[in-house]
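What you are looking at is a predicted structure, and each value in this text was computed from that prediction instead of being measured.
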Amino acid sequence: MPPMASTSLFIPASFAPTTAAAPARRSFSSHRSSPSTIPSVRLRRASSSLVVSASASPRRSLDALIFDCDGVILESEHLHRQAYNDAFVHFGVRCPPAADAPLDWDEAFYDILQNRIGGGKPKMRWYFGENGWPSSKIFETPPSSDSDKEKLVDIIQDWKTERYKEIIKSGTVEPRPGVLRLMDEVRGAGIKLAVCSAATKSSVVLCLENLIGLERFTGLDCFLAGDDVKQKKPDPSIYVTAAKKLGVESKNCLVVEDSVIGLQAAKGAGMSCIITYTPSTANQDFKDAIATYPDLSNARLEDLKLLLQESLITG
């Protein structure tokens, strides 16, 4: 196979990654070691500093815990990137059209892209808009009309989604630490449980059925995907819609996200948010999160309840 065209030359200067993250309010460590690229975090157990007097303010109860999927339930960035690059090869996508090899989104570029733009189709629209629409087996010459551009993006995205499903069904992917235990704690406590993902519904359904199991998936009180709302994260629509479907107030929801895009969506919906970061999101600015975790191994339900109550006072 001829070498693939690198994306490293096509990243605009304004798209440079953030070099340092502002500290979040609270950070918690995991028992598993973190890669050297991830800043270390110190374990801070729930203590008297989290205990809030009932007379200090109106009580905020945890009525619903809402999980993102990609990056939270599973580390999926590399899987999506693989599926996109396989799609670019399959359709002979060349950007710019004179490139010698199919488009290839390298790891460094994709880390930036997926942390700035939510949803697969918006990613491609942005990239082709910045770097020129490609030639391909779909259109021998770059599409010029809006309808042809949308057709190109739709076809590539549909094929990529099916490829991603094949990877998930391979049995090599597992949920991130602590996810299943926390979900079970929440259900056992009678708290509503939801999953809200910007990804295509069919791929999210497959992920959830394979990673959390059919019983947990069908037991969700709410499940929304990118197909269910007009605007992708960081727009808050998906979380606003979830609160309505769950029948709870936004202030009594707690969102679990992995990126600043998701954090902005949660905050925009009036919800508090905790972060469980991945290697590609570890250096983002999570100052608006009420807690950050390397994974959910040490995220206990009682701690989350206290953190939500504390956030009402600290604002």
Side-chain angles (χ1 to χ4, degrees), residues 21-32 34 38-39 41-47 49-50 52 60-75 115 175-187 189 191-198 233-234 236 238-239 242-243 246 248-315:
R25 291 182 184 175
R26 295 185 182 276
S27 58
F28 297 77
S29 69
S30 165
H31 292 300
R32 67 187 179 97
S34 301
I38 300 178
V41 288
R42 180 179 300 173
L43 176 64
R44 297 176 63 181
R45 298 182 185 278
S47 64
S49 64
L50 287 178
V52 180
R60 174 184 283 190
S61 62
L62 177 56
D63 293 339
L65 187 66
I66 306 175
F67 285 79
D68 179 29
C69 184
D70 289 327
V72 173
I73 294 175
L74 74 159
E75 287 194 21
N115 286 319
R176 294 188 67 192
V179 169
L180 302 185
R181 188 260 313 147
L182 183 56
M183 283 186 169
D184 292 343
E185 280 189 38
V186 169
R187 292 312 303 267
I191 296 170
K192 292 184 177 181
L193 184 64
V195 172
C196 292
S197 171
K233 302 174 187 178
I238 196 164
Y239 288 128
L246 290 166
V248 298
E249 294 185 64
S250 293
K251 68 177 183 179
N252 293 332
C253 297
L254 181 60
V255 175
V256 187
E257 277 282 0
D258 70 303
S259 70
V260 72
I261 285 179
L263 173 59
Q264 291 169 349
K267 295 293 289 184
M271 298 180 182
S272 295
C273 181
I274 66 169
I275 292 292
T276 170
Y277 56 77
T278 66
S280 70
T281 66
N283 289 325
Q284 292 185 7
D285 184 353
F286 296 131
K287 66 179 185 298
D288 290 330
I290 63 173
T292 61
Y293 299 83
D295 59 46
L296 296 176
S297 296
N298 291 318
R300 303 294 170 179
L301 178 58
E302 290 306 312
D303 290 340
L304 300 186
K305 290 179 180 178
L306 290 168
L307 284 165
L308 183 64
Q309 177 65 6
E310 184 192 47
S311 69
L312 181 63
I313 292 179
T314 60

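- Between Lys192 and the options Asp63, Ile66, Leu65, Val248, a side-chain contact (heavy atoms from CB on, under 4.5 Å) holds for only Val248.
- Listed here is the closest heavy atom pair of Cys196 and Tyr239: CB-CE2, 3.7 Å.
- Using a 4.5 Å cut-off on side-chain heavy atoms (C-beta onward), Leu304 and Leu182 make contact.
- Residue Asn298 holds its CG atom at 8.0 Å from OH of Tyr293, rounded to the nearest 0.5 Å.
- Rounding to the nearest 0.5 angstrom, the gap separating the CG atom in Leu254 from the CD1 atom in Ile290 is 5.0 Å.
- Using a 4.5 Å heavy-atom threshold, the side chains of Ser272 and Val255 count as separate.
- With rounding to the nearest 0.5 angstrom, the OG atom of Ser197 is 8.5 Å from the CD1 atom of Ile73.
- Using a 4.5 Å heavy-atom cutoff, the side chains of Ile238 and Lys233 are in contact.
- Counting all heavy atoms, side chain and backbone alike, Leu308 lies closest to Ser61 at CD2-O, 3.7 Å.
- Using a 4.5 Å cut-off on side-chain heavy atoms (C-beta onward), Phe67 and Leu296 make contact.
- Ser259 places no side-chain N or O within 3.5 Å of a backbone atom of Thr281 that could act as its donor or acceptor partner.
- Taking both residues in full, the closest heavy atoms of Thr276 and Asp258 are given as O-CB, 3.3 Å, listed atom of the first, atom of the second, then distance.
- The closest side-chain heavy-atom distance from Gln284 to Ile261 is not below 4.5 Å.
- A distance of 9.5 Å separates CG in Asn283 from OH in Tyr277, rounded to the nearest 0.5 Å.
- Judged as a salt bridge (Lys or Arg N to Asp or Glu O under 4.0 Å), and not counting sequence neighbours, Asp70 has no contacts.
- Looking at heavy atoms from C-beta onward, Pro236 lies out of side-chain contact with Met271 at the 4.5 angstrom threshold.
- Annotation: side chain of Lys305 is not in contact with side chain of Arg300 (no heavy-atom distance under 4.5 Å).
- The shortest heavy-atom contact between Arg181 and Ala299 is NH1-O, 2.8 Å.
- Taken to the nearest 0.5 Å, the OG atom of Ser311 stands 11.0 Å off from the NZ atom of Lys251.
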Inset, instruction - Let me see the working for Thr278 and Arg176 under side chain to side chain contact (heavy atoms under 4.5 Å, CB included), right down to the final yes or no. - result: CA-CA 10 Å; Thr278 66; Arg176 294 188 67 192; 3.6 Å; yes
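- Side-chain atoms of Leu301 and Ile191, non-hydrogen and from C-beta on, do get closer than 4.5 Å to each other.
- Distance CG/Asp285 to CD/Gln264: 9.0 Å, rounded to 0.5 Å.
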